[in-house]
2 protein chains.
Amino acid sequence: MRVESSAGSETRSERKERTRRAILDAALSLSEETGLGGLSLRQVAKEVGVVPTAFYRHFASIDELGLALVEESFVSLRAMIRDVRRGNPPLEEIVDRSVEVLDDHVRAQRAHFAFIARERSGGSAVVRAAVRQEFALFERELATDLARLPMDHWSSEDLHVLSRLIVVAMIAVAEEILESPDRERDAIKRRARTQLLVVIVGAVNWRSERE
Amino acid sequence: MRVESSAGSETRSERKERTRRAILDAALSLSEETGLGGLSLRQVAKEVGVVPTAFYRHFASIDELGLALVEESFVSLRAMIRDVRRGNPPLEEIVDRSVEVLDDHVRAQRAHFAFIARERSGGSAVVRAAVRQEFALFERELATDLARLPMDHWSSEDLHVLSRLIVVAMIAVAEEILESPDRERDAIKRRARTQLLVVIVGAVNWRSERE
DNA sequence: CCTTTCAGTGAACGTGCGTACACTGAAACT
DNA sequence: AGTTTCAGTGTACGCACGTTCACTGAAAGG
């Protein structure tokens, strides 16, 4: 395929990609109210401004659309993780920095995080499975990150348990951020820091308690 | 109204109550696959064995049915809490006992807990709001319970933050129990105990860390 | 220049939906 | 015994849905 572009126009594949994006955006925005499950192909098509059947040129079903949205949303989530890791923050700043980055990213990509939070328990079986698998991956990554902190008295299995606790707590924080007015921003962040710190303090003082 | 009962038959209100129960049960079971949102009045009616319009004699809408299911499900949840508290277990047994009771109740009332977990983030706005309000109540109760543990160095606001962390973690454990085969039962319980203990150890060692 | 490709069109279909309305018949009440 | 109440019936309606199929017309390719 040649990428012929008669100035101002688009190639065929550019145009197709643009429609695909429009469908993804429309679906993300429409599903904010109904959930992915309560989304109809016709609604999406109308929002995009194409005829219902055109949908099939891009996705075979709403579920497949959902999977694309899961991938896209987790790109946002992984960008967040990368941002937390960046610059290898010193131990005493990890909590503050993590909460700051979480808050920033959730607000900047609110639709993506809302989608993940919603479809994690709500969606169709296949979408739900995809979300959970992504989270499982993420938990494993976090566990190896934790291994670098001064908690070598933890087995790798226990590190994973700890990682899950942190992930679950931070998902809850993200949900709280998504559904609260902006002025509660600082209060939520403060609470998130407290929770993270409790977990870390608990982890560090672990062995000494269980002798 | 007189409660006339010609042996073997039912009064009118008994019969009505029986249909209402059948609707609630059918809805609970059918929504296990589709979510409450993907549930139709006609489906429920068919499952119960009545004509669709009969539904209106009991609920004005699916949402109202949902609210009734929220209430019913939280009766199960509160029964669980009461069971945890029963006998005022000594400090060192609290974790083991809580996890045991959680596991027992989630398995015994799996439909109710699945409903709560699902509709917590997925359902219609009004049902979701009802679920969250119930959880908020529950968190506050747990916070006052925590105040009786040896952590008087915590402000009541921080106790609430801690309570939220525990609730969120235990919701995640309940979800894990619901979606795992029985043979992972012990592994999940062990992980749950670890998580609870980390939080408690973290809470107890709190002040000493923040000078 | 002529042919092929293919994103988007438009009409048509069968289905399941919520809801309206008038009804029935047994239980409850007077 | 006569009347009222009301849980459940049955029909009918308009609507939105997913999916089919033959189509169009411009871009891509030979």
Side-chain angles (χ1 to χ4, degrees), chain A residues 1-27 30-31 33-68 123-127, chain B residues 1-27 30-31 33-68 123-127:
Chain A
M1 178 203 298
R2 202 133 44 90
V3 186
E4 189 107 27
S5 70
S6 39
S9 184
E10 295 164 305
T11 67
R12 209 137 79 167
S13 62
E14 278 170 350
R15 195 157 197 93
K16 179 169 188 183
E17 178 54 29
R18 215 162 52 98
T19 304
R20 193 187 133 96
R21 267 254 53 81
I23 291 177
L24 287 168
D25 292 345
L30 288 174
S31 72
E33 300 180 351
T34 57
L36 186 70
L39 201 64
S40 84
L41 177 160
R42 286 179 114 99
Q43 250 176 70
V44 175
K46 175 178 264 186
E47 176 87 1
V48 172
V50 296
V51 97
T53 45
F55 178 91
Y56 291 112
R57 297 284 174 205
H58 303 274
F59 303 97
S61 65
I62 292 281
D63 259 13
E64 205 177 273
L65 206 193
L67 292 182
S124 77
V126 16
V127 170
Chain B
M1 181 202 299
R2 202 132 44 90
V3 187
E4 190 108 27
S5 70
S6 39
S9 183
E10 296 165 303
T11 67
R12 205 133 87 162
S13 62
E14 277 170 352
R15 196 159 195 92
K16 178 168 189 185
E17 178 55 27
R18 215 162 53 97
T19 304
R20 192 188 133 97
R21 267 254 53 81
I23 291 177
L24 286 168
D25 292 345
L30 288 174
S31 72
E33 299 180 353
T34 58
L36 186 71
L39 201 64
S40 83
L41 176 160
R42 285 179 115 98
Q43 250 176 72
V44 175
K46 175 178 265 185
E47 176 87 1
V48 171
V50 296
V51 97
T53 45
F55 178 91
Y56 292 113
R57 297 282 173 208
H58 303 275
F59 303 97
S61 65
I62 293 281
D63 259 12
E64 205 178 273
L65 205 193
L67 292 182
S124 76
V126 14
V127 171

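Letters go in sequence order (proteins before strands), and every chain restarts at 1. Side chains are part of it too, since the values below use all heavy atoms of this structure and drop only hydrogens, waters and symmetry mates.
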- Task: Report yes if the side chains of B:Ile23 and B:Phe55 come closer than 4.5 Å at any heavy-atom pair, otherwise no.
- Result: yes

- Query: Could you give the CD-to-C1' distance, from A:Glu10 to D:dA26, as a whole number of Å?
  - Reply: 13 Å

- Round to a whole Å and report the spacing from CZ of B:Arg42 to C1' of D:dG10. 11 Å

- Could you check which residues of residues 45-57 of chain A get a heavy atom under 4.0 Å from DNA chain D? Sort them by number, please. A:Thr53, A:Tyr56

- Task: Would you kindly give the CZ-to-P distance between A:Arg20 and C:dC6, to the nearest whole Å?
- Result: 17 Å

- Between B:Glu64 (CD) and C:dG18 (P), how many Å, whole number? 15 Å

- Task: Would you mind reading off the distance between A:Ile23 atom CD1 and C:dA7 atom P, rounded to a whole angstrom?
- Result: 11 Å

- Task: Show your working on side-chain contact (heavy atoms from CB on, under 4.5 Å) between B:Val44 and B:Leu41 and close with a plain yes or no.
- Result: CA-CA 5 Å; B:Val44 175; B:Leu41 176 160; 6.0 Å; no

- Message: Between C1' on C:dT19 and CZ on B:Phe59, what's the gap in Å once rounded to a whole number?
- Response: 18 Å

- Message: Here's a test of your reading of the structure: between A:Arg12 and B:Gln43, which maps to the more 5' nucleotide of DNA chain C?
- Response: A:Arg12

- Any donor and acceptor pair, going by atom type alone, linking the side chain of A:Glu14 with main-chain N or O of A:Thr11 inside 3.5 Å? yes

- A:Arg15, CZ: over 12 other non-hydrogen atoms inside 6.0 angstrom: no

- Give the nucleotide from the list C:dA28, C:dG8, D:dG8 with an atom nearest to the side chain of A:His58. C:dG8

- Comparing B:Lys16 with A:Ser40, nearest DNA chain D nucleotide closer to 5' gives the residue B:Lys16

- Task: Kindly determine whether B:Arg20 and B:Phe59 satisfy side-chain contact (heavy atoms from CB on, under 4.5 Å), including the steps that lead there.
- Result: CA-CA 9 Å; B:Arg20 192 188 133 97; B:Phe59 303 97; 3.5 Å; yes

- Drop me the distance from A:Leu39's CG to A:Ser124's OG, to the nearest 0.5 angstrom. 11.5 Å

- Gap between atoms CG and C1', on B:Leu39 and C:dG16 respectively (whole Å): 14 Å

- Query: To the nearest angstrom, how far is A:Leu41 atom CG from D:dG18 atom P?
  - Reply: 5 Å

- Item | Sidechain-backbone polar pair: A:Ser31 side chain, A:Thr34 backbone, donor-acceptor under 3.5 Å | no

